[in-house]
Amino acid sequence: MERRQAGTNLTGLRDHNTALVLGLLRAAGSEAGTGPGAGAEGGAEGGSRVQLAAQTGLTPQAISKITARLLAEGLIEEVGRSASTGGKPRTLLALRPEAGCAVGVELDRRSGTILLVDLAGRTLARRSLPFGLDGGQPERVAGELAERVRGVLAAAPRGARILGVGIGCRGPLDHQTGVLHRPAGLPAWDGFPLRDLMDALLDVPTVLLDKDTNTAALAAPAPGSTAYLHLADGLGAGMLLNGALYRGARTNAGEFGHQIVQPGGPVCTCGARGCLEALCLAALAEDDPRTAARWLGLGAANLVRLLDIDRILLGGHRIFAAPDVYLRTVVDQIAEHLPDPAWQNVQVSLTPVGKDAVAAGAAQLVLDTMFAMPAMPATQISPLSQVAEG
């Protein structure tokens, strides 16, 4: 039977166009760095209505209606005029980052982090969690987490819209249903509806749940394809393929740590033997980060061969405990195991977001519901050398 394309009603189309305009103004603000201000048209400090019409393909009349509504709602503001190029200077518009905020949560096995960010993704408040998934019965952990989130929300700017809460959690889990699925070593969490319970406990418009590796990957988007490798209480990967997050058919892609690389090796928390995660954690238990880094590098080389990705980002508290060791060793392992590393050139670096990548990306999950960008063809990032900088 022929499949039909899903249609978009007028309300949905209006919301999409509004998100498109907000996304472009947010991108312009990100390029500008900090603070609104007047700038030349084409600069990063704002965009004119004419620019927005050209970038979105919408008519000037449609752009005028959208921007008028956003100005009335306080989500954007006029920030000056463009430099004259012979005609009348155009009014520049910019996002008001303080008009809204979102919460991002990292929930690992033993610890976590809560961030409050504004519409530009800038951190307004940060709290560390002294507990994680193994902090007791799931209902108790969720209740304690909700209480901590409410405390962070109290730091939101006066009058700011609270958009919601995003949670980056140790998997496996189902992103669509918000249910954990047999997380290794945590049987009490199997089938637990974490998203729905948090939604019931928190008075916010939305609660979103994804794997911690996926949210960390979202926190550092780039052209081409990226694999984010996370070594903390476990080992996993988040993958941005041609700029889009790849979750898989059951939203459980990225179980990078459970590839078996040493049959008959140490027992993993998943029940198998010789998993990459088990080998890395066994080395770290003996205070041997170099061996852990070699295993991680072998897995990274396998991933590059499988997906032909452009860059690898490293993160997680284990990696940040010895960043130079992991950077250099992973680079060396990729060079050793790829048949032609000069041709299949891969950039390896720490995540630019740092230790808060999971929580920052979880907040980004929420912000992404408000912003959109026009579809553009995927581009290949320029060649990058395999250099690990300390």
Side-chain angles (χ1 to χ4, degrees), residues 30 104 106 108 113 115 121 168 170-171 210-247 253-257 259 276-277 280 289 292-335 338 341 344-365 368 378-390:
S30 297
E106 176 185 12
D108 206 342
T113 303
L115 296 182
R170 182 185 174 96
D210 209 337
K211 290 171 68 170
D212 50 9
T213 50
N214 286 343
T215 65
L218 283 174
S225 294
T226 300
Y228 168 81
L229 307 183
H230 185 83
L231 181 58
D233 295 336
L235 174 62
M239 294 172 288
L240 292 170
L241 304 183
N242 289 327
L245 184 63
Y246 181 73
R247 292 190 174 96
E255 288 298 303
F256 171 78
Q259 54 179 303
L276 194 61
E277 176 179 302
C280 287
R294 282 196 293 272
W295 283 117
L296 180 62
L298 174 64
N302 289 341
L303 194 59
V304 172
R305 281 200 236 186
L306 182 65
L307 297 176
D308 192 23
I309 55 178
D310 299 296
R311 74 171 180 164
I312 288 174
L313 297 179
L314 305 177
H317 68 79
R318 302 281 196 171
I319 284 174
F320 283 110
D324 292 350
V325 171
Y326 285 98
L327 280 170
R328 294 192 174 91
T329 306
V330 170
V331 167
D332 290 344
Q333 287 292 299
I334 290 175
L338 291 185
Q344 203 170 8
N345 199 8
V346 181
Q347 179 193 26
V348 181
S349 63
L350 299 176
T351 172
V353 189
K355 297 179 181 179
D356 289 338
V358 172
Q364 186 64 42
L365 275 179
D368 281 350
T379 56
Q380 193 79 0
I381 63 175
S382 58
L384 295 162
S385 59
Q386 282 185 316
V387 175
E389 296 185 12

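- Proximity of V348 to Y326: side-chain heavy atoms (C-beta onward) are nowhere separated by under 4.5 Å.
- Taking CG of L245 as the start and CG of N214 as the end, the distance is 4.5 Å to the nearest 0.5 Å.
- Side-chain contact between F320 and T351: present, with at least one pair of heavy atoms (C-beta onward) separated by less than 4.5 Å.
- Atoms CG and CD, from L115 and Q364 in turn, are 12.0 Å apart once rounded to the nearest 0.5 Å.
- In this structure, L276 and G299 approach most closely via the heavy-atom pair CD2-CA, 3.7 Å.
- Among residues two or more places apart in sequence or in another chain, the side-chain hydrogen bond (donor to acceptor under 3.5 Å, both in side chains) test is passed with T226 by R311.
- Looking only at distances, a side-chain donor or acceptor of S225 sits under 3.5 Å from a matching main-chain atom of N242.
- The two residues A362 and G168 have their closest heavy-atom pair at CB-N, 3.7 Å.
- Residues satisfying the side-chain hydrogen bond (donor to acceptor under 3.5 Å, both in side chains) criterion with R294, sequence neighbours excluded, are T291.
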Verdict with supporting geometry, L313 and S349, side chain to side chain contact (heavy atoms under 4.5 Å, CB included): CA-CA 5 Å; L313 297 179; S349 63; 3.3 Å; yes

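- In this structure, Q344 CD and D308 CG are separated by 5.0 Å, a value rounded to the nearest 0.5 Å.
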Worked check of side chain to side chain contact (heavy atoms under 4.5 Å, CB included) between I319 and L296: CA-CA 10 Å; I319 284 174; L296 180 62; 3.9 Å; yes

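- Taking all atoms of both residues into account, the shortest heavy-atom contact from L229 to A300 is CD1-CB, 3.8 Å.
- Between I312 and I334, some side-chain heavy-atom pair lies under the 4.5 Å cut-off.
- G316 and Y228 make their closest contact through N-OH, 3.6 Å (heavy atoms, listed as atom of the first residue, atom of the second, distance).
- Once rounded to the nearest 0.5 Å, the distance linking NE2 of H317 with CG of D108 reads 6.0 Å.
- Closest approach of F256 and A237 over heavy atoms only: CB-CB, 3.4 Å.
- I309 CD1 to M239 CE: the interatomic distance, rounded to the nearest 0.5 Å, is 9.0 Å.
- Panel note: side chain R170, backbone D233; a donor-acceptor pair is recorded below 3.5 Å.
- The shortest distance between side-chain heavy atoms of R305 and L338 falls below 4.5 Å.
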Side chain to side chain contact (heavy atoms under 4.5 Å, CB included) evaluation trace for L240 with L218: CA-CA 8 Å; L240 292 170; L218 283 174; 4.3 Å; yes

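- Between R247 atom CZ and D210 atom CG the span is 4.0 Å, to the nearest 0.5 Å.
- A pairwise comparison of heavy atoms in A357 and A219 identifies O-CB, 3.5 Å as the closest pair.
- With K211 contributing its side chain and A253 its backbone, the two residues share a donor-acceptor pair below 3.5 Å.
- In this structure E106 satisfies the side-chain hydrogen bond (donor to acceptor under 3.5 Å, both in side chains) test with no other residue, sequence neighbours excluded.
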